[in-house]
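Heads up: the structure comes next, in structure tokens.
Sequence lines set the chain letters: A, B, ... in the order given, protein chains first and strands last, and positions in each chain run from 1.
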Amino acid sequence: MSESQTAPVSDLPRAWPFEEARKLADHVAQRDTASAGGDARPALLETGYGPSGLPHIGTFGEVARTSWVRQAYTALTGRPSRLLAFSDDMDALRKVPDNVPQREMLEKFIGQPLSRVPDPFGTHDSFAAHNNARLRAFLDGFGFEYEFASSTDYYTSGRFDAALKRVLEVHDEILAVILPTLGPDRRATYSPVLPLHPRTGEVMQVKMDAIDPVAGTVRWTDPASGEVFETPVTGGHAKMQWKADWAMRWYALGVDYEMSGKDLIDSVRLSGRICKILGGTAPAGLTYELFLDDKGQKISKSKGNGLSVEEWLRYAPPESLGQFMFNQPQRAKRLYFDVIPKTADDYLAHAEKACTQQAQNPTGAELRANPAWFILKGQVGPQACSPVPFGMLLNLASVANADTPEVLWGFIRRYDAAVSPETHPMLACLVKHAVAYYADFVRPAKTFRAPTDMERAALADLAECLRGYEGDAPDAAALQNLVFEVGKRHGFEPLRAWFGCLYEVLLGQKEGPRFGGFVALYGVGETIALIDAALLRDRQD
RNA sequence: GAGCCGGUAGCUCAGUCGGUAGAGCAUUCGACUUUUAAUCGAAUGGUCGAGGGUUCGAGUCCCUCCCGGCUCACCA
């Protein structure tokens with residue numbers, strides 16, 4: 001019944017999400033046939049999130065990639081599926097993050113479940129609720145389709161109760177699997193079940209004195225007081241420790257697919273074994289590589305190296321970030337500012353091609369192997385394309401010293417009068433980003449030469465002439481003549497040296513646009529300010 | 001110690017079912033021009049880390065090795 005036996009391999013689009021969708025389809029088929037009465041639940045894909053911090057670029061990557069597997073699964077099988085974004089908000093607060101207010105208040109709640117820690121921002125019922133809301137807003141901003149799940153809700157509502165009792169039944173087997181992987185000191189206190197302290201609410205990391213699978217309780221001793229407690233594992237009175245928690249969740253919910261970073265390879269293996277002990281089947285999944293910063297170091301939230309989602313989106317549209325995540329998930333990639341332009345143009349090339357492929361065969365393998373088909377969630381079309389590549393816009397911004405989108409648009413219109421922000425929304429978006437990228441990365445790297453005495457006099461003269469010009473409607477040809485006249489008047493020989501001076505002193509580059517046209521678009525007053533600043537800057541040196 | 005990934009042009013990288021090695025940038029030359037420029041054309045540049053195997057044919061598949069990077073082994 002497996003699709004892999006019926007569908008010819010050559011029809012499978014050659015894109016990694018389809019390879020993954022195949023694995024997922026096989027997994028679903030297997031659990032359906034393995035179950036006595038059949039198991040026709042929708043395919044369940046899960047992504048995990050730890051709400052001790054804010055969502056970051058890795059969170060985006062995992063949800064985006066999982067969504068693409070889901071999209072491929074739908075295209076491949078036509079069968080229903082769900083994507084569960086699971087927040088482990090019952091996890092204990094281990095240390096106070098350094099980017100939040102009220103840190104001394106939070107200090108008192110170390111060891112408490114995140115869902116019981118007050119919100120330091122004061123906007124939600126708990127710290128976890130705050131971060132969960134941030135996660136949802138973040139995911140919604142990208143238009144992801146998902147169901148949100150709170151670990152605390154699942155535990156307290158009893159949705160995990162049956163699975164938790166099952167854990168007690170096979171408790172010793174689970175221990176036997178986990179203990180050999182731990183160091184001797186950790187082994188002494190390890191328990192897969194973590195009861196919550198009935199009075200303090202703290203997540204207790206102590207050895208269990210006794211397990212009662214029939215009553216569904218554990219007995220343990222409070223190391224602080226010596227007091228002995230008998231705690232039910234059900235109803236949110238206890239939670240599971242990390243790897244066992246993952247396994248229990250896979251088992252309880254019947255997760256069919258979950259991807260994870262390569263740092264979790266051992267955890268996936270171990271959780272899979274525990275899941276099997278419980279009587280379930282570990283989900284299918286993909287191990288992705290981690291991102292590196294500009295120096296090839298692993299990106300971590302605490303170090304703050306690499307690049308945040310916000311930073312990327314300042315310099316390029318979200319589709320380009322999707323393109324980055326789509327490319328070779330199993331390969332380590334540098335995630336830094338300088339990859340943005342190339343990635344953006346990669347996306348644009350794919351989006352362009354997708355339009356053609358859509359027209360030729362809207363359900364063909366070629367279109368479905370196109371990254372843009374995934375990134376655009378199947379909504380391929382000219383609105384997602386741009387007639388001008390991003391790299392060209394950056395060049396243009398640099399040449400024209402474009403510090404506002406309007407300047408850039410002036411040049412673009414001269415290039416093609418039919419193009420406007422209204423007719424080409426993607427281009428409008430790219431223009432804004434190109435200006436930002438230029439301002440932050442290109443312009444600071446420019447070197448502005450100091451003018452010679454002769455040039456200084458000519459520049460002052462030009463500024464004076466422009467002041468006289470102010471008020472009139474800017475005319476490129478008249479301004480060009482004016483610039484030309486000033487150059488001749490000051491005896492530049494050849495005259496091209498005068499223009500070279502303008503570019504090197506005012507724009508910090510060897511070449512530039514036709515200067516009259518530049519002044520008309522850039523603004524007469526703005527150009528005067530540019531000259532004044534250059535003369536002043538030189539005087540201070 | 002265990003595991004993952006990589007090594008292709010000066011740089012960053014792509015290379016689909018095994019079929020004459022590609023792109024961008026950089027460099028050089030040319031076209032366009034009141035001076036310059038978004039652009040276009042061309043040239044230069046490779047022992048595909050090394051060795052062996054399979055094959056009519058290997059950057060691509062298999063094995064061994066070398067080099068580099070990362071991850072895990074405390075927590076999640």
I want to know whether [X] and [Y] have ring centres closer than 6.0 Å.
X	Y	result
Tyr315(A)	Phe390(A)	no
Phe374(A)	Phe326(A)	yes
His197(A)	Trp220(A)	yes
Phe484(A)	Trp498(A)	no

Using a 4.0 Å heavy-atom cut-off, does [X] contact any base of the nucleic acid, only the sugar-phosphate backbone, or nothing at all?
X	value
Leu502(A)	nothing
Gly183(A)	sugar-phosphate
Glu366(A)	nothing

[N] to [M] separation - [atom1] atoms, rounded to the nearest Å:
N	M	atom1	value
C5(B)	A9(B)	P	22 Å
U71(B)	A43(B)	C1'	45 Å
A31(B)	A38(B)	P	15 Å

Atom pairs under 3.5 Å, N or O on each side, protein against nucleotides 59-62 of chain B: can you list them with distances?
none

- Message: Among His350(A), Gln357(A), Gln358(A), exactly one meets side chain to side chain donor-acceptor pair (under 3.5 Å) together with Asn370(A). Which residue is that?
- Response: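 Only match with Asn370(A) under side chain to side chain donor-acceptor pair (under 3.5 Å): Gln357(A).
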
- Task: Answer whether the closest heavy-atom distance between the side chains of Leu482(A) and Cys465(A) falls below 4.5 Å.
- Result: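 They are in side-chain contact.
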
Between atom [atom1] in [X] and atom [atom2] in [N], what is the gap in whole Å?
X	N	atom1	atom2	answer
Lys333(A)	C70(B)	NZ	P	17 Å
Leu179(A)	A73(B)	CG	C1'	15 Å
Tyr288(A)	C5(B)	OH	P	16 Å
Asn327(A)	A14(B)	CG	P	8 Å
Glu289(A)	C72(B)	CD	C1'	13 Å
Leu292(A)	G69(B)	CG	P	12 Å
Leu270(A)	G3(B)	CG	C1'	15 Å
His350(A)	U16(B)	NE2	P	14 Å

Using the side-chain heavy atoms of [X], tell me which of these nucleotides is nearest: [options].
X	options	answer
Leu396(A)	C70(B), A38(B), A76(B)	A38(B)
Arg331(A)	C4(B), A76(B), C5(B)	C5(B)
Lys342(A)	U71(B), A76(B), C13(B)	C13(B)
Asp263(A)	C5(B), G15(B), C72(B)	C72(B)
Met392(A)	G15(B), G3(B), U39(B)	U39(B)
Gln241(A)	U39(B), A76(B), C5(B)	A76(B)

- Item | side chain to side chain donor-acceptor pair (under 3.5 Å) assessment of Asn327(A) paired with Gln323(A) | CA-CA 6 Å; Asn327(A) 290 339; Gln323(A) 180 71 53; 2.9 Å; yes

- Message: Whether Lys23(A) engages the ring of Tyr257(A) as a cation-pi pair (distance to the six-membered ring centre under 6.0 angstrom, angle to the ring normal within 45°) should be assessed.
- Response: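 Not satisfied by the 6.0 Å and 45° rule.
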
- Query: Can a cation-pi geometry be assigned to Arg368(A) and Phe18(A), taking NZ or CZ under 6.0 Å from the six-membered ring centre and within 45° of the ring axis?
  - Reply: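 No.
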
- Under the 3.5 Å rule, do the base of C70(B) and the side chain of Lys262(A) count as making a donor-acceptor pair?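 Indeed, a donor on one side and an acceptor on the other fall under 3.5 Å apart.
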
- Item | Phosphate contact (U12(B) OP1 or OP2) by Arg334(A) side-chain N/O below 4.0 Å |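 No, outside the criterion.
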
- Query: Taking OP1 and OP2 of G6(B), is either one under 4.0 Å from a side-chain nitrogen or oxygen of Gln330(A)?
  - Reply: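 Checking G6(B) against Gln330(A), no side-chain N or O comes under 4.0 Å of OP1 or OP2.
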
- Would you please classify the geometry between the Trp312(A) ring and the Phe324(A) ring as parallel, tilted or perpendicular, with 30° and 60° separating the classes?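 The rings of Phe324(A) and Trp312(A) sit tilted, inter-plane angle from 30° to 60°.
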
- Query: What class does the angle between the rings of Phe160(A) and Tyr154(A) fall in, given that below 30° is parallel, 30 to 60° is tilted and above 60° is perpendicular?
  - Reply: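 Taking Tyr154(A) first and then Phe160(A), their aromatic rings sit tilted (interplane angle of 30° to 60°).
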
- Query: Checking side chain to side chain contact (heavy atoms under 4.5 Å, CB included) against Met259(A), which of Val268(A), Leu264(A), Val69(A), Thr47(A) comes through?
  - Reply: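 That would be Val69(A).
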
- Task: Specify the glycosidic conformation (syn or anti) of C5(B), with syn defined as within 90° of 0.
- Result: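 C5(B): anti glycosidic orientation.
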
What N/O pairs connect the protein and nucleotides 34-36 of chain B at under 3.5 Å? Give each pair on its own line.
residue	atom	partner	partner atom	Å
U34(B)	O4	Asn481(A)	OD1	3.4
U35(B)	O4	Gln480(A)	NE2	2.7
U36(B)	OP1	Arg496(A)	NH1	2.7
U36(B)	OP1	Arg496(A)	NH2	3.0
U36(B)	O2'	Gly512(A)	N	3.3
U36(B)	O2	Tyr503(A)	OH	3.2
U36(B)	O2	Gly512(A)	O	2.2
U36(B)	O2	Pro513(A)	O	3.1
U36(B)	O2	Arg514(A)	N	3.3
U36(B)	N3	Arg514(A)	N	3.4
U36(B)	O4	Arg514(A)	NE	3.3
U36(B)	O4	Arg514(A)	NH2	2.9

- Message: For a stem of at least 3 consecutive Watson-Crick or G-U pairs with distances under 3.5 Å, i pairing with j, i+1 with j-1 and so on, which stems involve RNA chain B?
- Response: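 Stems found: B:1-7 with B:66-72, B:10-13 with B:22-25, B:27-31 with B:39-43, B:49-53 with B:61-65.
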
- Which atom names give the shortest non-hydrogen contact between Val255(A) and Glu46(A), and what distance separates them?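 Heavy atoms only, the tightest pair is CG1-CB, 3.8 Å.
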
